[in-house]
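Notes follow the structure.
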Amino acid sequence: MSTAATSSLAELKQKIEAREARVGIVGMGYVGLPLALLFSGEKFTVTGFDIAQDKVATLNRGGSYIVRILPEMIQQAQKSGFRATADYSEIDRMDAVIICVPTPLDDFHEPDLSYVKGTVEAIAPHVHNGQLIVLESTTYPGTTEELVVPLLEGGNPAGLKVARGDEASGVHVAFSPEREDPGNETVARHDIPKVVGGCGSVASELAGALYGSIFHRVVPVSSPAIAEMTKLLENIYRCVNIALVNELKQLCMRMGIDIHEVIDAAKTKPFGFQAFYPGPGLGGHCIPIDPFYLSWKARQFDFRTRFIELAGEININMPRFVIEQLTEGLNRERKSINGSKILVLGLAYKRDIDDLRESPSLTILELLRERGASVAYNDPYFPTVGQGRHYALNMTNTPLTNLGQYDAVMIVTDHTTYDYRKIVDEAQLVIDTRNATRGIESSKIVRC
Ligand SMILES: NC(=O)c1ccc[n+]([C@@H]2O[C@H](COP(=O)([O-])OP(=O)(O)OC[C@H]3O[C@@H](n4cnc5c(N)ncnc54)[C@H](O)[C@@H]3O)[C@@H](O)[C@H]2O)c1
């Protein structure tokens with residue numbers, strides 16, 4: 001390492017320690033915005049970049065569009081210099097840039113890296129020597145080195161190179177996966193260890209120093225690919241285990257065994273078992289999507305990821321399974337889905353959050369409509385639900401009154417604000433896909 005390079009590394013580390021490093025975060029969504037607030041809380045001057053002008057405008061007037069982030073939190077961050085912009089030329093003024101843009105699947109269930117590509121192409125002309133660039137978006141192993149690095153180098157008019165090995169000169173690139181668990185109030189964000197893998201040793205060191213200022217533990221790994229694969233292993237582990245309990249739930253129902261009582265008993269084992277819970281299907285931006293990033297990449301190596309595919313098959317079928325249980329419940333009352341009035345309780349993909357992405361409730365509403373039901377929904381987090389990439393519902397929230405008018409109430413998301421005893425008392429039939437009515441005895445309840 002040359003003396004000049006060593007001193008520029010020391011300079012950035014010193015700036016980080018002194019909270020003088022300017023941090024740019026690209027993508028002001030569920031991941032990027034909370035991260036911006038964490039850095040801001042540590043007195044870093046943070047600039048949030050987003051292509052959505054409405055988000056930029058909301059943030060700059062001290063507002064928020066995420067329920068659990070209060071406007072006061074944005075206003076507090078503004079006092080430490082936080083502001084938002086859609087102008088990429090400001091990337092030039094940042095010491096570190098963290099990319100948190102979406103990584104969905106396309107219509108063929110293949111990785112859609114257009115947001116990552118779009119971001120890297122847009123920032124490439126503005127990056128400079130000594131800057132740290134970190135990708136946080138979940139993706140397949142190889143993305144940072146095979147996609148981000150060439151786009152950065154190719155798009156930089158000054159011919160800037162990414163630093164490799166122990167080179168200190170150039171732009172420093174790393175991958176660090178986001179591990180946020182929305183709605184989880186038991187683990188503080190800064191207590192979640194942060195895995196970091198750099199393209200070169202300086203990138204690892206700088207990223208470690210940057211994240212070390214807000215996370216209590218940084219876990220350095222030897223390459224971006226290890227960090228990318230770590231995130232996928234975590235999510236695939238979850239996806240496969242959820243599929244396992246979803247399958248066992250179906251067997252237990254046939255055998256007249258309560259799967260939830262089984263899980264509660266099994267989890268008393270102090271080693272070798274972690275509890276996962278069955279439900280109406282997978283939702284969210286991660287578990288239903290991320291495993292397929294790896295299946296896709298595996299094909300390049302002539303390899304089939306059979307666990308992922310099997311788990312996907314079971315989990316994707318769960319909305320249909322719970323509709324079958326509704327059919328049977330109605331059948332007992334000599335009714336059919338066709339012509340019945342059904343209320344779906346909870347749209348969010350999990351309890352107490354305002355995120356609809358990939359939620360099984362969307363599939364369930366569509367399947368009910370297809371079968372001729374008259375559907376309504378209640379979810380305190382969604383006054384309306386319009387059109388998304390995969391659905392066109394255009395519905396409005398129904399108040400939680402006069403539940404007896406519905407032929408069935410289906411609990412799809414177990415928000416804690418619901419009074420489940422009252423719901424069971426008032427409803428004609430309750431299809432409980434989340435074990436939300438545990439402890440309530442009633443022949444009206446179908447637990448599935
Ligand atoms: N939400 C989670 O709980 C979670 C957890 C772990 C990992 N992740 C991963 O983090 C990444 C981001 O997820 P998210 O939930 O924050 O997504 P999001 O959709 O909530 O936010 C992404 C933001 O990026 C913006 N954006 C898109 N393209 C852009 C561009 N070219 N330039 C600037 N901004 C752009 C969008 O307008 C949006 O505001 C994904 O890869 C996801 O898999 C999410």
Side-chain angles (χ1 to χ4, degrees), residues 24-38 47-60 63-69 74 84-91 94 97-105 111-126 133-140 143-144 147-148 151-152 155 175-184 187 189 192-195 227-228 230-236 238-239 282-294 348-359 388-389:
I25 300 187
V26 186
M28 290 283 92
Y30 288 94
V31 166
L33 184 54
L35 188 65
L37 297 183
L38 272 186
T47 306
F49 294 81
D50 206 293
I51 45 169
Q53 294 283 357
D54 53 336
K55 289 188 176 177
V56 170
T58 304
L59 294 173
N60 284 340
S64 171
Y65 38 81
I66 296 179
V67 169
R68 69 201 146 90
I69 295 180
I74 306 292
T85 181
D87 178 4
Y88 279 113
S89 69
E90 293 194 33
I91 289 287
M94 303 297 128
V97 177
I98 302 176
I99 302 170
C100 309
V101 295
T103 43
L105 293 173
D112 173 3
L113 283 169
S114 58
Y115 300 92
V116 174
K117 275 189 193 155
T119 300
V120 179
E121 281 165 358
I123 67 171
H126 309 289
I133 312 285
V134 186
L135 178 65
E136 284 215 10
S137 304
T138 309
T139 184
Y140 58 79
T143 309
T144 307
L147 184 93
V148 174
L151 285 175
L152 267 183
F175 182 83
S176 178
E178 171 51 52
R179 283 171 152 173
E180 207 207 356
D181 183 15
N184 183 338
V187 188
R189 187 105 185 255
I192 304 173
K194 196 81 172 105
V195 173
E228 289 158 341
T230 302
K231 172 71 185 175
L232 291 185
L233 170 62
E234 292 165 8
N235 283 357
I236 292 164
R238 212 169 149 66
C239 175
L282 292 181
H285 192 302
C286 298
I287 313 295
I289 291 174
D290 304 345
F292 294 103
Y293 268 68
L294 190 62
Y349 78 84
K350 72 179 202 181
R351 178 194 307 157
D352 300 339
I353 64 163
D354 61 335
D355 193 344
L356 253 189
R357 289 177 292 177
E358 311 295 323
S359 177
R389 268 161 71 102

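Start at 1 and go down the list; that is how both ligands and their atoms are numbered. Residue numbers count from 1 along this sequence. Side-chain atoms are counted along with the backbone in the values below, which use heavy atoms only and exclude waters and symmetry mates.
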Which of the numbered atoms in ligand 1 are below 4.0 angstrom from a heavy atom of C100?
12 (C), 22 (C)
Any residue meeting side chain to side chain contact (heavy atoms under 4.5 Å, CB included) with A84, in chain and number order, not counting sequence neighbours
V56, L59, N60
Working for side chain to side chain contact (heavy atoms under 4.5 Å, CB included), residues T119 and I51
CA-CA 9 Å; T119 300; I51 45 169; over 6 Å; no
What atoms of ligand 1 come within less than 4.0 Å of a heavy atom belonging to P182?
3 (O)
Candidates E178, E121, R357; heavy atom nearest atom 15 (O) of ligand 1 found on R357
Relative to the heavy atoms of K231, which atoms of ligand 1 are at a distance of less than 4.0 Å?
6 (C), 7 (C)
Please assess Y30 against L35 for the test side chain to side chain contact (heavy atoms under 4.5 Å, CB included), listing each intermediate value before the final yes or no.
CA-CA 9 Å; Y30 288 94; L35 188 65; over 6 Å; no
Return yes if some donor-acceptor pair links the side-chain N/O of Y293 with the main-chain N/O of P104 below 3.5 Å, else return no.
yes
Closest protein heavy atom (residue, atom, distance) for atom 5 (C) of ligand 1:
C286 SG, 3.5 Å
Just to verify, which of T144, L135, T139, I99 counts as forming a side chain to side chain contact (heavy atoms under 4.5 Å, CB included) with V116?
L135
Per-atom contacts of ligand 1 with K55, taking only distances under 4.0 Å to non-hydrogen atoms:
38 (C), 39 (O)
Any N/O pair Y30/ligand 1 closer than 3.5 Å:
yes
Any atoms of ligand 1 less than 4.0 Å from a non-hydrogen atom of T103? List them with their elements.
40 (C), 41 (O), 43 (O)
So which heavy atom in the protein is nearest atom 31 (N) of ligand 1, and how far is it from that ligand atom?
T119 OG1, 3.0 Å
Look at atom 44 (C) of ligand 1 and say which protein heavy atom is nearest, naming residue and atom and giving the distance to 0.1 Å.
V31 CG2, 3.3 Å
Contacts of type side chain to side chain donor-acceptor pair (under 3.5 Å), residue K55, not counting sequence neighbours:
none
Between the candidates Y293, Y88, Y349, Y115, which shows the shortest non-hydrogen contact distance to atom 33 (C) of ligand 1?
Y88
Nearest-contact summary for atom 11 (C) of ligand 1 - protein heavy atom, Å
V101 O, 3.4 Å
Only heavy atoms count here, so choose which of T138, D50, I353 is nearest to atom 23 (C) of ligand 1.
D50
Atom 27 (C) of ligand 1: of P102, P104, G32, G27, the nearest heavy atom sits on P102
